[in-house]
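Read the structure below first, then the notes.
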2 protein chains.
Amino acid sequence: MNEQEKTLCEAKAAVLKALAHPTRLWMAEQLAGGEKCVCEFVGAMDFDFSTISKHLAVLKQAGIVEVDKRGKQVFYRLKVPCVLNFMNCVEAVIKAQGKDQAALMRHL
Amino acid sequence: MNEQEKTLCEAKAAVLKALAHPTRLWMAEQLAGGEKCVCEFVGAMDFDFSTISKHLAVLKQAGIVEVDKRGKQVFYRLKVPCVLNFMNCVEAVIKAQGKDQAALMRHL
DNA sequence: TGCATGTTTGGCATAATATGCAAATGTTAG
DNA sequence: CTAACATTTGCATATTATGCCAAACATGCA
């Protein structure tokens with residue numbers, strides 16, 4: 001692992017890390033259906049406004065979402081939609097785990 | 001976000017989290033070229049044997065790699081090869097960040 | 001049996017650091 | 001100016017990831 005590889009891996013890991021949180025993952029998936037404003041997330045989750053705003057900031061800084069401010073509202077949308085394609089694969093991993101996750105797997 | 005969604009998102013996030021570390025990401029990518037034994041990783045990285053073993057255990061427990069013990073050596077291989085497909089997308093995210101990462105991007 | 005090689009585990013220090021709430025601050029529309 | 005929408009700051013808290021060391025375990029070979 002040379003220096004360049006290391007730097008590149010760190011950059012990639014940072015992107016994955018941003019998605020490696022249940023709340024952020026869920027929000028990213030919601031954005032697959034189109035842009036959403038912060039207030040919509042606040043309505044859908046039982047978190048403080050500031051908490052949600054922070055999570056979105058993490059996704060934004062990772063380059064996963066982009067922001068569009070319109071009027072009083074701030075809309076977030078996926079910047080690189082392919083991030084959701086690989087959720088299929090993550091689900092495949094979970095299925096392959098073959099643990100006692102029957103209940104979980106029924107929803108994949 | 002109901003209970004089921006939450007549980008599922010937690011499971012997915014756990015998989016991503018396992019890959020969200022430079023060392024583990026690098027190892028997973030190395031495995032794309034075929035199985036490797038622990039000692040090969042030790043030779044390629046400047047980490048303690050135990051450190052590498054622990055990282056591999058994280059990947060294993062996440063369901064990303066599987067183990068094959070042959071003789072004195074332990075071989076690891078990708079259990080769900082598609083995990084590497086989405087690296088293309090992660091790289092796309094990095095490219096899209098368009099920050100001052102020219103040096104980094106030249107290696108994507 | 002005993003030793004060398006390869007690997008895992010337990011313990012540990014350290015630092016990091018993520019999370020989510022509360023309060024204060026911005027921003028826009030009306 | 002006020003209300004609605006959003007971000008930032010500060011903070012407490014707990015968590016916990018990381019990587020080294022030493023010890024234990026496993027396997028093959030002499």
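This is a predicted model, so every value here is computed, not measured. Here is how names work: the chains are called A, B, and so on, in the same order as the sequence lines, proteins then strands, and each is numbered from 1.
Less than 4.0 Å separates DNA chain C from at least one heavy atom of each of the following residues of residues 47-56 of chain A: A:Phe47, A:Asp48, A:Ser50, A:Thr51, A:Lys54, A:His55. If you check residues 20-40 of chain B against DNA chain C, the residues with a heavy atom closer than 4.0 Å are B:Cys37, B:Val38, B:Cys39, listed by number.
Hydrophobic clustering keeps B:Val65 apart from B:Val58 (ILVMFWY residues linked when any side-chain heavy atoms are closer than 4.5 Å, directly or through intermediates). Note: the hydrophobic cluster containing B:Val83 does not contain B:Phe75 (ILVMFWY, side chain heavy atoms under 4.5 Å, direct or indirect links).
Checked by atom type and distance alone, the side chain of A:Thr51 never pairs as donor or acceptor with a backbone atom of A:Phe47 at under 3.5 Å. With hydrogens and angles ignored, the 3.5 Å screen pairs no side-chain donor or acceptor of B:Glu29 with any backbone N or O of B:Trp26. A donor-acceptor pair under 3.5 Å links the side-chain atoms of B:Arg24 to the main chain of B:Ala18, judged by distance alone. At least one donor-acceptor pair closer than 3.5 Å links the side chain of B:Glu40 to the backbone N or O of B:Cys37. Put simply, the side chain of B:Lys17 never gets that close to the backbone of A:Lys17: no donor and acceptor are under 3.5 Å apart.
For DNA chain C, the outermost nucleotides in 5' to 3' order that have an atom under 4.0 Å from a heavy atom of chain A are C:dA18 to C:dA29.
A straight line from CD of B:Gln73 to C1' of D:dA26 spans 13 Å, rounded to a whole angstrom. Straight-line distance from the NZ atom of B:Lys72 to the C1' atom of D:dA24: 18 Å, rounded to whole Å.
Interatomic distance, B:Phe41 CZ to B:Phe49 CZ, rounded to the nearest 0.5 Å: 11.5 Å.
No engagement by A:Lys60 is indicated, since no non-hydrogen atom pair under 4.0 Å with the nucleic acid exists.
At the phosphate of D:dT7, OP1 or OP2 sits under 4.0 Å from a side-chain N or O atom of A:Tyr76.
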